[in-house]
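Notes to accompany the following structure.
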There are 2 protein chains.
Amino acid sequence: MAGESKIEIVIAVIAVIFFILGVYLNKKSLHSEKPSDNEIDQSQIDAIGLSKREYEVLIQIHKGFSNKEIAEHLFLSESTIKTHVSNILVKLDAKRRTQAIQKAKALQILPS
Amino acid sequence: MAGESKIEIVIAVIAVIFFILGVYLNKKSLHSEKPSDNEIDQSQIDAIGLSKREYEVLIQIHKGFSNKEIAEHLFLSESTIKTHVSNILVKLDAKRRTQAIQKAKALQILPS
DNA sequence: AGCGTTTTGGTACTTTAGTATGAGTATTTG
DNA sequence: CAAATACTCATACTAAAGTACCAAAACGCT
């Protein structure tokens, strides 16, 4: 009786340990399987040659602001914003700001 | 010796079973935890009074197309698209199409 | 200090977006 | 069927976006 109980306890402990291990490892793998969504890929930003300022403007575009509003937010003139936007469009190979948003998302440089 | 082996095998089997159980249950719970994202809320579309056509145009806007391109895709005139876009902006309380995209996402009527 | 890139900004221009208004044609629904 | 709603399209306009070109100031790095 005493021996049997010991074995059962050992089995129970083993069961719990491996159950937790299973949950833990699974959670870890799921976490590393898809960092694809919502993560910003800095290497892509560098790859297409987007400057710091240009990226800031891109984020403002993404949020739906006009050139004038972006200028106010960043304390710049609208001319400067237009220059940045034009450069962003060239680097993202986009014809419009809405298309730039799409391409930026595809490149993981903007949150989806 | 023979008895000990049996016990070890039993423990090993128990361990494997509970390990798999842990992985399985964890995967199941993670799957049911967040189906929240990326789902389109039809009730919201109705709530703001977006018509079928208007919603189709909104999707095209979201994809980054110009009014002219949208007109071609839906076999309509650019004038018609402009009318739809204007109505969409009013219903979404947006000043620009980029802002409309943002608001539409917030309302879950466009995929994030 | 000097060089290259970035950032800033201007002018002038073209294109796209968006508004206002009106109106004819479906489509649906009481 | 009649009325309301949705869909279509046009004209004329204003506003915003985008392009092209130039140039000075600011940074970063060697």
Side-chain angles (χ1 to χ4, degrees), chain A residues 40-107 109-110, chain B residues 40-107 109-110:
Chain A
I40 296 173
D41 192 343
Q42 179 64 42
S43 63
Q44 283 296 314
I45 299 179
D46 300 339
I48 62 177
L50 264 194
S51 73
K52 249 166 294 174
R53 241 357 185 185
E54 286 164 353
Y55 184 62
E56 288 177 330
V57 172
L58 178 59
I59 290 176
Q60 294 284 312
I61 290 175
H62 180 223
K63 291 182 178 175
F65 294 120
S66 68
N67 289 337
K68 184 181 285 184
E69 287 171 339
I70 297 173
E72 291 167 359
H73 297 166
L74 302 183
F75 307 102
L76 298 175
S77 78
E78 195 182 340
S79 294
T80 303
I81 304 302
K82 285 188 177 185
T83 302
H84 287 322
V85 172
S86 272
N87 291 332
I88 291 170
L89 294 182
V90 170
K91 291 178 181 178
L92 281 172
D93 189 33
K95 289 172 189 163
R96 288 162 291 282
R97 49 171 60 206
T98 48
Q99 195 178 19
I101 294 172
Q102 288 306 304
K103 294 215 171 188
K105 283 180 188 172
L107 290 173
I109 67 182
L110 277 180
Chain B
I40 296 174
D41 193 344
Q42 179 65 42
S43 63
Q44 282 296 315
I45 299 179
D46 300 339
I48 62 177
L50 263 195
S51 72
K52 249 166 294 175
R53 236 7 180 179
E54 285 164 353
Y55 184 61
E56 288 178 330
V57 172
L58 178 59
I59 291 175
Q60 294 284 312
I61 291 175
H62 180 223
K63 291 182 178 176
F65 295 120
S66 68
N67 289 338
K68 183 181 285 184
E69 287 171 340
I70 297 173
E72 290 166 359
H73 296 165
L74 302 183
F75 307 103
L76 297 174
S77 78
E78 195 182 342
S79 295
T80 303
I81 303 302
K82 285 187 177 186
T83 301
H84 286 320
V85 172
S86 271
N87 291 332
I88 291 170
L89 294 182
V90 170
K91 291 177 181 179
L92 281 173
D93 190 33
K95 288 173 190 163
R96 289 162 292 282
R97 50 172 60 207
T98 48
Q99 195 176 21
I101 295 172
Q102 288 305 304
K103 294 215 171 189
K105 283 180 187 172
L107 290 173
I109 69 182
L110 277 181

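Residue numbering restarts at 1 for every chain, and letters A, B, ... go by the order of the sequence lines.
- Put simply, the side chain of A:Q99 gets close to the backbone of A:K95: a donor and an acceptor are under 3.5 Å apart.
- Here the side chain of B:K82 pairs no donor or acceptor atom with the backbone of B:N67 at under 3.5 angstrom.
- As a whole-Å value, the separation of B:R53 CZ from C:dT27 C1' is 14 Å.
- One finds no side-chain N or O of B:S66 lying less than 4.0 angstrom from the OP1 or OP2 phosphate oxygen of C:dT16.
- Protein atom CG of B:L89 is 14 Å distant from nucleotide atom C1' of C:dT16, rounded to whole Å.
- As rounded to whole Å, 14 Å separates atom P of D:dC9 from atom CG of B:N67.
- Minimum atom distance to the side chain of A:S86 is reached by D:dG18, of the listed D:dG18, C:dT8, C:dT16.
- Checking D:dC7, C:dT11, C:dT8 against the side-chain heavy atoms of A:T83 singles out C:dT8 as nearest.
- The phosphate of D:dG18 has OP1 or OP2 within less than 4.0 Å of a side-chain N or O from A:R97.
- Whole-Å rounding puts the A:I88 CD1 to D:dT19 P distance at 11 Å.
- Nearest-nucleotide positions on DNA chain C for A:S77 and A:K91 put A:K91 closer to the 5' end.
- Heavy atoms from other residues, nucleotides or ligands lying under 6.0 Å from NZ of A:K63 number 12 at most.
- When each of D:dT11, D:dA6, C:dG9 is scored by its nearest atom to the side-chain atoms of A:L76, the top-ranked nucleotide is C:dG9.
- Rounded to an integer number of Å, the gap from B:F75 CZ to D:dC7 C1' is 17 Å.
- Comparing B:K52 and B:V85, the nucleotide of DNA chain C nearest to each residue sits closer to the 5' end for B:V85.
- To the nearest angstrom, C1' of C:dT5 lies 12 Å from CG of A:N87.
- Nucleotide D:dA10 holds its P atom 10 Å from the CD atom of B:E78, rounded to whole Å.
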